[in-house]
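Report on the following structure.
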Amino acid sequence: MQAELKPIPNEPALIINNKIMVVADLHIGIESELSEQGINTASQTQNMTNRLIALCKKYKSEEIILLGDIKHNIPSSTIQERKDVKSFLETIQQYGLIHMIPGNHDGNIHRITPQDITIHPSDGFILENIGFVHGHRWPSEEIMQCEQIIMAHTHPTIMLTDRLEYKTFEPCWLKAKTMQDKLEDRYPNSKESQILITPAFNPLCGGISANKEGIMGPIGKIIDTQNTEVYLLDGSALGKVKDIK
């Protein structure tokens, strides 16, 4: 029996079986990098903390999955970023048991992670028969045997073009399937999986447009990108990637 996956309307967050909250790509500390590029913006950490708390309360979640890239700066973090990450985690763990998968931006995050937070291997873990990965490295064999897989990393958006050729980029959910021939090359004992790709929780992250740049990361090499289904955060179904110009 497949788990029930419900993207939360107008939020880049997912609730599973009415008890597990999933968010990804918080990139706490990204503001310092933007500042170096001449873009000054207010910190999103408190805003993201408040949003996640509100969602956990509303949906009465029992567990929270942070699907990678909790922090931003690599290889080292600023003092402020380390303080913000630790404060965020200490606050959020009051609202459910936290599972964390380190993403490619999360080097040494164990040093600032409070006790009682479970840090899983970066090649994924399984909960409720669902495989969870960040998406920056190849998942384990066990993950690729799951019928349902949830990944992050690519910050998916979709490029929309109006009649005046003006282009906008909207964050979205991507519902994809693996290609059996490509899958068997890498995972000969695995079967076709349905993969849900989550949008970034931090609005400052930007993203990769599926209908222009494809799907980032190794899993993108075994996904049928052109036939991937696209859904906006408000729930609007836009069809398949190949049909969206």
Side-chain angles (χ1 to χ4, degrees), residues 8 10-15 20-59 61-122 125 132-137 150-157 171 197-208 216-217 233:
I8 296 174
N10 299 309
E11 285 284 359
L14 179 73
I15 191 78
I20 303 170
M21 184 70 62
V22 182
V23 295
D25 292 301
L26 289 92
H27 286 269
I28 294 172
I30 192 175
E31 298 84 3
S32 64
E33 180 180 295
L34 294 175
S35 178
E36 291 175 359
Q37 298 171 3
I39 304 171
N40 294 314
T41 183
S43 171
Q44 289 293 311
T45 305
Q46 191 59 54
N47 177 45
M48 290 192 293
T49 303
N50 294 341
R51 284 166 56 207
L52 186 50
I53 289 173
L55 290 172
C56 290
K57 287 182 175 180
K58 180 177 180 178
Y59 291 90
S61 55
E62 300 170 9
E63 299 179 76
I64 303 165
I65 296 177
L66 303 178
L67 207 55
D69 284 357
I70 292 89
K71 68 183 192 67
H72 180 72
N73 288 292
I74 50 177
S76 60
S77 303
T78 65
I79 294 174
Q80 186 62 49
E81 181 180 283
R82 292 195 293 271
K83 289 174 60 178
D84 287 349
V85 169
K86 186 175 182 181
S87 175
F88 170 83
L89 293 173
E90 287 175 343
T91 302
I92 294 302
Q93 70 176 157
Q94 301 174 47
Y95 298 89
L97 177 66
I98 294 181
H99 300 269
M100 180 192 298
I101 296 181
N104 49 303
H105 283 254
D106 289 327
N108 295 319
I109 197 168
H110 62 281
R111 296 180 180 176
I112 51 176
T113 299
Q115 291 184 345
D116 302 323
I117 290 180
T118 302
I119 302 179
H120 293 276
S122 59
F125 78 104
F132 294 91
V133 294
H134 178 64
H136 66 301
R137 57 170 296 189
I150 299 174
M151 68 168 273
H153 183 53
T154 196
H155 308 177
T157 67
I197 304 175
T198 66
F201 198 65
N202 190 328
L204 299 180
C205 281
I208 302 295
M216 185 171 65
L233 297 194

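Here, residue 1 is the first one in the sequence, and each next residue gets the next number. The structure displayed is predicted, hence computed values, not measured ones.
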Main chain of [Y], side chain of [X]: is a donor-acceptor contact present, judged purely on distance under 3.5 Å?
X	Y	answer
Asp106	Lys71	yes
Ser43	Thr45	yes
Gln80	Gly29	no
Gln93	Gln115	yes

For the pair Leu55 and Ser61, evaluate side chain to side chain contact (heavy atoms under 4.5 Å, CB included) and give the outcome as yes or no after the intermediate values. CA-CA 8 Å; Leu55 290 172; Ser61 55; over 6 Å; no
Is the closest side-chain heavy-atom distance between [X] and [Y] below 4.5 Å?
X	Y	answer
Leu66	Ile117	no
Ile119	Pro102	yes
Ile109	Arg111	no
Met21	Leu52	yes
Lys83	Thr78	no
Phe201	Arg51	yes

Using 0.5 Å steps for rounding, measure from the [atom1] atom of [X] to the [atom2] atom of [Y].
X	Y	atom1	atom2	value
Ile150	Leu14	CD1	CG	5.0 Å
Thr113	Asn108	OG1	CG	10.5 Å
Asp25	Leu204	CG	CG	13.0 Å
Leu26	Asp69	CG	CG	9.0 Å
His99	Ile65	NE2	CD1	6.0 Å
Thr118	Met100	OG1	CE	9.5 Å

CA sep, side-chain torsions, deciding dist, call: Gln44, Ile28, side chain to side chain contact (heavy atoms under 4.5 Å, CB included): CA-CA 8 Å; Gln44 289 293 311; Ile28 294 172; over 6 Å; no
With sequence neighbours excluded, residues passing side-chain contact (heavy atoms from CB on, under 4.5 Å) with Leu233: Pro12, Pro171, Trp173, Pro199
Please enumerate all residues that pass ring-ring contact (aromatic ring centres under 6.0 Å, His included) together with His27, with sequence neighbours excluded. His72, His105, His155
Using the six-membered ring wherever Trp is involved, compare the ring planes of Phe125 and Phe132 and label them parallel, tilted or perpendicular (cut-offs 30° and 60°). parallel
Of the options His136, Arg137, His153, which is the one that meets Asn104 in a side-chain hydrogen bond (donor to acceptor under 3.5 Å, both in side chains)? His153
What is the minimum heavy-atom distance between [X] and [Y], and which atoms define it?
X	Y	value
Tyr59	Ile8	OH-CG2, 3.4 Å
Gly207	Thr157	CA-CG2, 3.8 Å
Ile70	Ile101	CD1-O, 4.2 Å

